[in-house]
Structure formats: structure tokens, C-alpha cells
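Here's the structure, in C-alpha cells; my notes come after.
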Amino acid sequence: MELAPGLVLAGIEDIGRAMRNEREITSGLARTIPAPTGSATILMSHIPAAGVIEEASARGVDLMLSGHTHGGQIWPFGYAVQKRFAKYIGAYDVDGMMLYVTRGAGSWGPRMRLWQPGEIIRLTLRAPA
């Protein structure tokens with residue numbers, strides 16, 4: 001969806017079931033962004049799976065926003081989450097694409113967090129100089 005001239009917002013379905021069943025996870029991305037857009041592109045993908053991250057970068061996505069991991073939510077589960085998702089919290093530069101994985105404001109399972117507080121992020125988008 002073009003939000004403004006030169007700014008595209010795209011999103012893909014939750015790939016959790018496909019990951020659990022060891023199925024293909026990037027087909028939704030290929031349908032959503034079949035080729036680089038030539039515009040600044042923001043992609044929303046709930047799960048920061050390595051295959052989606054790599055494919056998004058290759059397709060020219062400029063900013064990818066993800067969550068899902070809750071930053072580990074409760075110590076020591078963060079160690080297990082980090083083994084599954086190498087990029088599980090914070091900002092990363094992936095071959096020129098900015099990836100931000102937020103801890104989110106909610107929780108999964110027990111309604112608590114231990115040393116991983118919830119967050120709501122605020123991003124400021126600026127045109128390149």
C-alpha cells in the first residue's frame with residue numbers, strides 16, 4: 001500500500017504455523033513484494049525469522065518491523081528465544097535494511113515479565129539527505 005508518494009507499507013501473514021510444520025515461510029513476502037519497489041518500503045512481519053529477514057533485505061525493503069519474541073519475556077527463557085531467533089530484540093542493520101524487533105507491550109503465557117519490560121516504540125521516519 002502506498003501511504004504517500006515514495007513510501008510503501010507492506011505486511012505479511014503470521015508465519016508461525018508454517019514454521020512449526022517446517023513449510024515454506026517466504027511465499028507471502030514474494031506475493032507482497034514481488035520485486036524491489038523503487039520506493040521507501042516498510043515491511044511488517046510478526047515473526048523475525050531469518051529467512052524472511054534475508055529475503056526482505058534482498059527485495060529492497062528499507063525497514064522491517066517485527067515482534068513475537070517478547071525479548072525473552074521471562075529470564076532465563078531469553079536464552080532459548082535467542083537460540084531460535086538470532087535477531088530477537090532491538091535494532092539491526094541487515095545489509096542496509098533496518099530491522100527493529102520490539103518486545104511489545106503484552107505478554108505470552110504467564111502475565112508477567114522478568115527483566116524484559118514491555119515497550120511501545122516510536123520511530124521517526126526521515127527522507128534520505
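- Among Leu63, Val61, Leu43, the one residue that satisfies the side chain to side chain contact (heavy atoms under 4.5 Å, CB included) test with Met97 is Val61.
- Cluster annotation: Leu65 and Leu99 are assigned to distinct hydrophobic clusters (Ile/Leu/Val/Met/Phe/Trp/Tyr, side-chain heavy-atom contacts under 4.5 Å, transitive).
- Here Ile33 contributes atom CD1 and Ile12 contributes atom CD1; the two are 8.5 Å apart, rounded to the nearest 0.5 Å.
- Within the 3.5 Å criterion, the main-chain N or O of Ser57 finds no donor-acceptor partner in the side chain of Asp95.
- Looking at Met64 and Ser45, their side chains come closer than 4.5 Å, going by heavy atoms from C-beta outward.
- Applying the side chain to side chain donor-acceptor pair (under 3.5 Å) definition to pairs two or more places apart or across chains, those involving residues 117-129 are Thr102-Glu119.
- Val8 and Ile42 are members of different hydrophobic clusters when ILVMFWY side chains are connected at heavy-atom separations under 4.5 Å.
- Glu54 and Arg59 are not joined by a salt bridge, as no carboxylate oxygen comes within less than 4.0 angstrom of a charged side-chain nitrogen.
- Scanning all heavy atoms of the two residues, the minimum distance from Pro48 to Val101 falls at CB-CG2, 3.9 Å.
- Minimum interatomic distance between Gly28 and Glu13 (heavy atoms only, all atoms of both residues): CA-OE2, 3.7 Å.
- In terms of hydrophobic clustering, with Ile, Leu, Val, Met, Phe, Trp and Tyr side chains grouped at heavy-atom distances under 4.5 Å, Met44 and Leu29 are assigned to different clusters.
- In this structure, Asp93 and Gly96 approach most closely via the heavy-atom pair OD1-N, 2.9 Å.
- Between Asp62 and Ser39, the closest heavy-atom pair is OD2-O, 3.5 Å.
- Residues meeting the side chain to side chain donor-acceptor pair (under 3.5 Å) test with Thr26, sequence neighbours left out: Glu24.
- With a 6.0 Å radius and a threshold of 12 heavy atoms from other residues, nucleotides or ligands, Ile120 has its CD1 atom at or below the threshold.
- Distance CD/Glu55 to OG/Ser27: 10.5 Å, rounded to 0.5 Å.
- Atoms CE and CG, from Met98 and Leu125 in turn, are 11.5 Å apart once rounded to the nearest 0.5 Å.
- Leu7 and Leu9 fall within a single hydrophobic cluster, where Ile, Leu, Val, Met, Phe, Trp and Tyr side chains are chained together by heavy-atom contacts under 4.5 Å.
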